[in-house]
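Presented below is the structure to which this report refers.
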Amino acid sequence: MKKDRRFMKTILFAALLVAVSAGASSAVRSQESAASYPHMAPIDQYLMTDRNAEIAMAPSAAPPSISADAEVLVLGRHGYETAVKGKNGFVCLAERSWMAPFDFAQFWNPKMRGPICFNPPAVHSILPLTLKRTELVLAGLSKAQVIEGIKAFDAKGLPPLEPGAMSFMMSSQGYLNDKAGHWVLHLMFYIPLTDSRSWGADLSGSPVMLNPQFNGAPEPITEFMVPLSTWSDGTAASKEGQ
């Protein structure tokens with residue numbers, strides 16, 4: 001658990017987290033990753049050519065009892081589009097690399113796919129951040145410009161964070177980065193900016209971990225993660241997936 005916690009603090013998602021390869025220094029890894037993804041790739045590389053594959057991947061983030069009636073979004077050239085209408089207020093999609101922390105070396109990795117399902121409170125107050133980041137990125141803005149756009153959105157357009165906002169990342173189909181693969185399945189909980197110690201995050205023996213995805217940089221949200229042991233389809237995860 002302690003090793004997983006260190007991993008979680010360096011990688012994302014989820015939908016976005018960096019798994020550490022034995023013996024490699026973080027400085028070397030960052031330089032290699034930055035050299036591979038120094039800027040945004042052509043938009044086509046972030047899109048899935050098989051729309052049905054994305055429709056199937058997105059809801060794999062949550063158990064069928066939730067995702068079967070969820071709305072499903074897929075990424076288009078100008079943003080996310082509704083592919084399946086929902087009935088229960090949940091929304092599922094596959095996040096892309098730009099939902100990682102802005103200083104993440106694989107921020108522009110076009111291979112990244114992070115299936116995630118938001119519950120209704122998160123749909124109202126967290127999903128808009130995903131949609132706004134995506135809109136700004138697909139408009140061709142730089143990281144610095146995206147950050148300024150998010151700050152402006154936070155100040156004028158971001159809905160208040162609703163109590164109980166959370167999401168599921170329980171898919172074995174995701175690809176969170178070049179080191180992690182689908183990484184560790186988990187739940188995520190969103191609250192206004194707070195001291196992570198108030199949740200016991202990252203303390204010895206605690207299953208709660210702080211996700212650096214938002215945490216005031218620039219979104220005014222603290223995000224906690226709790227790892228699980230069973231994928232959304234009910235199968236047990238391997239030790240590496242827990």
Side-chain angles (χ1 to χ4, degrees), residues 1-22 48-75 83-84 86-97 99-100 106 109 111-120 122-123 126-127 130 164-190 201-202 205-211 213 223-242:
M1 180 62 72
K2 188 176 293 182
K3 183 178 180 182
D4 287 343
R5 192 176 295 118
R6 289 198 299 269
F7 286 173
M8 185 67 82
K9 295 177 79 174
T10 59
I11 61 182
L12 172 61
F13 289 144
L16 298 170
L17 309 165
V18 176
V20 180
S21 59
M48 292 182 64
T49 55
D50 186 344
R51 181 181 175 93
N52 289 331
E54 185 163 2
I55 291 172
M57 174 188 286
S60 70
S65 59
I66 294 169
S67 60
D69 289 328
E71 181 171 336
V72 177
L73 307 182
V74 298
L75 184 65
V84 178
K87 302 176 184 177
N88 61 4
F90 285 75
V91 174
C92 303
L93 56 92
E95 290 185 331
R96 299 314 201 262
S97 57
M99 290 311 298
Q106 296 186 48
N109 185 344
K111 299 189 294 293
M112 293 171 65
R113 306 285 186 270
I116 185 169
C117 289
F118 297 99
N119 75 341
V123 167
I126 299 298
L127 178 58
T130 298
M166 57 85 62
S167 61
F168 296 78
M169 292 193 79
M170 299 174 61
S171 176
S172 61
Q173 300 180 35
Y175 186 89
L176 299 189
N177 64 62
D178 293 340
K179 297 290 185 182
H182 52 59
W183 206 69
V184 176
L185 62 158
H186 55 279
L187 302 178
M188 298 192 292
F189 301 88
Y190 310 93
D202 298 330
S206 172
V208 181
M209 295 176 277
L210 176 67
N211 187 348
Q213 180 182 8
E223 183 178 348
F224 294 109
M225 296 177 284
V226 177
L228 303 174
S229 59
T230 304
W231 298 113
S232 61
D233 62 5
T235 59
S238 64
K239 185 177 180 181
E240 290 76 18
Q242 298 181 29

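We use all heavy atoms of the structure for the numbers below, so side chains are in, but hydrogens, waters and symmetry mates are not.
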Subject >> Considering all heavy atoms, the nearest Ala62-Ser67 contact >> reply: O-OG, 3.3 Å
Original post:
Going by heavy atoms in the side chains, are Met188 and Met166 under 4.5 Å from each other?
Top reply: no
Original post:
Does Phe168 reach the side chain of Pro63, with side-chain heavy atoms less than 4.5 Å apart?
Top reply: yes
**OP:** Find the distance between CG (Leu187) and SG (Cys117) and round it off to the nearest 0.5 Å.
**Re:** 11.5 Å
Original post:
Going by distance alone, is a donor N or O of one side chain under 3.5 Å from an acceptor N or O of the other, for Gln106 and Ser97?
Top reply: no
Subject >> OG on Ser167 to CG on Asn119, rounded to 0.5 Å >> reply: 8.0 Å
Subject >> Atom pair CZ (Arg113) and CG (Leu75), whose distance is rounded to the nearest 0.5 Å >> reply: 8.0 Å
Original post:
At what distance, to the nearest 0.5 angstrom, does CE of Met170 lie from CD1 of Ile66?
Top reply: 8.0 Å
Original post:
Looking at side-chain heavy atoms only, is the closest gap between Leu93 and Leu127 below 4.5 Å?
Top reply: yes
**OP:** Provide the closest heavy-atom pair for Tyr190 versus Glu223 in the form atom of the first, atom of the second, distance.
**Re:** CE2-CD, 3.4 Å
**OP:** Would you name the heavy atoms of Leu176 and Met112 that are closest together and state the gap between them?
**Re:** O-CE, 2.5 Å
Subject >> Interatomic distance, His186 atom NE2 to Ser229 atom OG [nearest 0.5 angstrom] >> reply: 14.5 Å
Original post:
Closest heavy-atom contact between Tyr175 and Lys111?
Top reply: CD2-O, 3.5 Å
Original post:
Mind checking whether Met209 and Asn211 have side chains closer than 4.5 Å, heavy atoms only?
Top reply: no
Original post:
Do you know the tightest heavy-atom contact between Ala61 and Ser232?
Top reply: C-CB, 4.2 Å
Original post:
To the nearest 0.5 Å, what is the distance between CD1 (Ile55) and SG (Cys92)?
Top reply: 12.5 Å
Subject >> Heavy-atom closest contact (Asn88 atom, Pro120 atom, distance) >> reply: O-CG, 3.9 Å
